[in-house]
Amino acid sequence: MPFLPITREEMKQRGWSEPDIVVVTGDAYVDHPSFGAAIISRVLEAEGFRVCILSQPQAAEDMRRFGTPKLGFFVGSGNIDSMVAHYTAAKRRRSEDAYTPGGKAGRRPDRAAIVYCRWVRQCYPDIPIVLGGLEASLRRFAHYDYWDDKVRPSILLDSGADILVFGMGEQQNTEIARRLAAGEPVKSLTDVRGTVTAVPVREYTPRPCAECPSFEMVSEPTPEGKRQYALSCRIQQDEQDAVRGKTVIQRHGGVIVVQNPPMPLLDGEALDRVYELPYMRQYHPSYEVLGGVPGLEEVQFSLVHNRGCFGACNFCSLAYHQGRQIACRTADSVVREAQTLIRMPGFKGYIHDVGGPTANFRRPSCKGQLTRGLCKGKKCLAPTVCPALEADHTEYLDLLRRLRALPGVKRVFIRSGIRFDYLLADDDETFFKELVKYHVSGQLKVAPEHCSDAVLRCMGKPPIDTYRRFQKRFYELTKSAGKKQYLVPYLMSSHPGSTRKDAIELALFLKREGLHPEQVQDFYPTPGTISTCMFYTGLDPYTMKPVYVPRTPREKAEQRALLQYFRPENRQKVLDALRAAGRTDLIGTGPDCLVPPEPRPGRPADKPAKGKNGRPAASRDARGTRQQKPRGRKK
């Protein structure tokens, strides 16, 4: 099956005079099931619709490329939020974009979802616009915007779209397309689950629902306004449940934004059909001369087997977007996809990942999730494991064994996140042993995130002792398997709740563990997360108690520097942080010190220790083993 048309000429080659639907995306066109635009376009094609792809439009006039589509425009900004794609946590402009040909930044506008919808409306005032994707999903209600440092209204109103699809949108987009094709006006599509619409107050029919404080209330930058914002955040998070979730409304002046309950999950067979559509599994050939699309490299020989995450870390948007319930493909389908990979040019015998939001989830956290839904205000794994949790890796282990046994497969790796607390909750160590023996490519990425239990509670993560137990057992099993493998812990600086004292504690933890992380992540307040609510309001939305928030650029830079205290360029920031915290005992040359003292006049500064070859000594872990530079973070 060829690529879908991206030009008028390609459309005409199919014998079409017009498309039914134009799918607009802020990414390059990569026809692979790791790209949302590819999934939605192939699902709509499978329903019999004529679909064209408008990739990275540069001006309003580009919306006329295919002429007037019969049904409308289905718009998204791409696989990741356009503002996150463009700016670092320090609000510095990025120079690269992995989802653009050649990896070059600048091919999509800031707030791409809004801009694209406005361009469509400029060219076609009355055509239906369906807005979806991650950027829209996380901004469906009034939301704090880190880049503007204020609360913005629902993106549905900002963009001028007719209907917003939140979450994984195959079922919603299919239902919308079918009903538009049947002649229903887009304004009548107010009952589709997993969608948001806007209704004038005078036309709204009251119904049982959960009502958030209004945009006018939550956007006030006052203590009371922030308290109302925290209440709104809690309501939105609690009702993100396909089993028991209610309709949620929020007033914006004379309009009411209405979110229907989430769409029920696709079952295994339905999810199989989505992932077994005829994807080309490659970027469009026109990008070859531009250097290809770097974002494909990480996923081209990887397999997605699940969706959703009941881990639900407070700083992660996945639970709010995909939901906390777990949906899984059947093992047979994943094996068939692996056989497709084996036949592809460039496959060298290595399946790079068998994962999803959290790799080792293939079951609901408990049976109650299936009938009662999720527990409000509680997490399955943090701060401690829920007594009702059913930790079982049997299905996942069977899948991995089948993949390992395929002719042509040399190794099967797991590179997306492993929840080590869930792994430890499983009394059967078989999966843990086989993980260590077969599925680690030298390094295993894990995410303790911090070592302070106070900070970890704000993150929705387990206490650090859980990580220590996992770390100890990992190295025991690694040694018994006769391997040299290492953990790469992901760590985060400046998360709400993290004081200067906590950051120093984390630096000491790294020193005791012998860890020299090459990459650390500053907390990034992205829309739709509980942690971003804490950042903006200074409140925990579930306890309404104050949370300390490191806000100034100086303090955030100091907390980041403490995670890499060993780097000469960070020395002054570390010195400033230690002095401000009254921890001058950590300035010196003793074994417990973080940085040497400043040199006395006329005396040269201390130099880093040299290795045998005269170069600076390499980073080493607690066992004196050289570490490789960890790969980029996926979650």
- [ ] Would you please test Glu10 and Arg65 for salt bridge (Lys or Arg N to Asp or Glu O under 4.0 Å) and show each step?
- [x] CA-CA 11 Å; Glu10 291 179 0; Arg65 180 175 301 171; over 6 Å; no
Open item on the list: Let's go through His284 and Phe3 carefully: what are the C-alpha distance in whole Å and the side-chain angles of both, what is the deciding distance for ring-ring contact (aromatic ring centres under 6.0 Å, His included) to 0.1 Å, and is it a yes or a no?
Closed with: CA-CA 7 Å; His284 193 274; Phe3 287 90; 5.3 Å; yes
Open item on the list: Taking the side chain as everything from C-beta on, heavy atoms only, tell me whether Ile414 gets closer than 4.5 Å to Leu400.
Closed with: yes
- [ ] With rounding to the nearest 0.5 Å, note down the distance linking OG in Ser317 to CG in Leu138.
- [x] 5.0 Å
Task: SB check Lys376 Asp238 (cutoff 4.0 Å) - done: no
Task: Sidechain N-carboxylate O distance under 4.0 Å for Arg362, Asp392 - done: no
Task: Lys/Arg N to Asp/Glu carboxylate O, Lys187 vs Asp162, below 4.0 Å - done: yes
Task: Tyr29-Tyr283 aromatic ring centre distance below 6.0 Å - done: no
Task: His321/Ser137 under side chain to side chain donor-acceptor pair (under 3.5 Å): CA gap, chis, key distance, verdict - done: CA-CA 6 Å; His321 178 59; Ser137 185; 2.9 Å; yes
Open item on the list: Can you confirm whether the side chains of Glu45 and Ser41 place a donor and an acceptor under 3.5 Å from each other?
Closed with: no
Task: Over 12 non-hydrogen atoms of neighbours within 6.0 angstrom of CD in Gln339 - done: yes
Task: Donor-acceptor pair between Gln325 and Asp241 side chains, under 3.5 angstrom - done: yes
Task: Note: Glu337-Arg281 ion pair, threshold 4.0 Å (strictly below) - done: yes
Task: Student check: side-chain heavy atoms of Phe431 and Leu423 closer than 4.5 Å - done: yes
Open item on the list: Once side-chain contact (heavy atoms from CB on, under 4.5 Å) is applied, do any residues pair with Ser333, and if so which ones, sequence neighbours excluded?
Closed with: Asp272, Glu276, Arg329, Thr330, Arg336
Open item on the list: Less than 6.0 angstrom separating the ring centers of Phe420 and Phe474, yes or no?
Closed with: no
TODO: Under the ring-ring contact (aromatic ring centres under 6.0 Å, His included) rule, what do Tyr350 and Phe301 come out as? Steps first, then yes or no, please.
DONE: CA-CA 8 Å; Tyr350 301 97; Phe301 299 115; over 10 Å; no
Task: Residues in side-chain contact (heavy atoms from CB on, under 4.5 Å) contact with Thr25, at least two apart in sequence or another chain - done: Asp27, Ala37, Ile53, Ser55
Open item on the list: The test is ring-ring contact (aromatic ring centres under 6.0 Å, His included); show your working for Phe432 and His393 and say whether it passes.
Closed with: CA-CA 9 Å; Phe432 201 168; His393 290 82; 9.1 Å; no
Task: Spacing of CZ belonging to Arg108 relative to OG belonging to Ser77, to within rounding of 0.5 Å - done: 7.0 Å
Open item on the list: Closer than 4.0 angstrom, basic N to acidic O: yes or no for Lys70 and Glu18?
Closed with: no
Task: Cationic N near anionic O, under 4.0 Å, Lys104 to Glu96 - done: no
Open item on the list: I want to check something: taking the side chain as every heavy atom from C-beta on, are Val258 and Val196 in contact at a cut-off of under 4.5 Å?
Closed with: no
Open item on the list: For a side chain to side chain donor-acceptor pair (under 3.5 Å) check, start with the C-alpha distance between Gln259 and Arg140, then their side-chain angles and the critical distance, and finish with the verdict.
Closed with: CA-CA 8 Å; Gln259 174 187 284; Arg140 53 194 189 259; 2.6 Å; yes
TODO: Considering non-hydrogen atoms only, spot the tightest contact between Leu71 and Pro128 and give its length.
DONE: O-CG, 3.3 Å
Task: Student check: side-chain heavy atoms of Pro5 and Arg14 closer than 4.5 Å - done: yes
Open item on the list: Walk me through whether Tyr124 and Phe73 qualify under ring-ring contact (aromatic ring centres under 6.0 Å, His included).
Closed with: CA-CA 10 Å; Tyr124 302 100; Phe73 286 83; 5.6 Å; yes
- [ ] For Asn260 and Val192, indicate whether the former's side chain and the latter's backbone hold a donor-acceptor pair under 3.5 Å.
- [x] yes
Task: Asp267/Arg273 salt bridge by N-O under 4.0 Å criterion - done: no
Task: Side-chain donor or acceptor of Gln236 paired with backbone N/O of Phe141 under 3.5 Å - done: no
Task: Whether Ser82 side chain and Arg111 backbone form a donor-acceptor pair below 3.5 Å - done: yes
Open item on the list: For Met11 versus Ser17, what's the shortest heavy-atom pair and its separation?
Closed with: CE-O, 3.8 Å
Task: Cation-aromatic face contact Arg404/Tyr438, 6.0 Å, 45 degrees - done: yes
Open item on the list: Between Arg244 (side chain only) and Gly373 (backbone N and O only), is there a donor and an acceptor less than 3.5 Å apart?
Closed with: no
Open item on the list: Less than 4.0 angstrom from a charged side-chain N to a carboxylate O is my criterion; do Glu434 and Arg401 meet it?
Closed with: yes
- [ ] Kindly confirm or rule out a cation-pi arrangement of Arg363 over Tyr396, judged by NZ or CZ under 6.0 Å from the six-membered ring centre and within 45° of its axis?
- [x] no
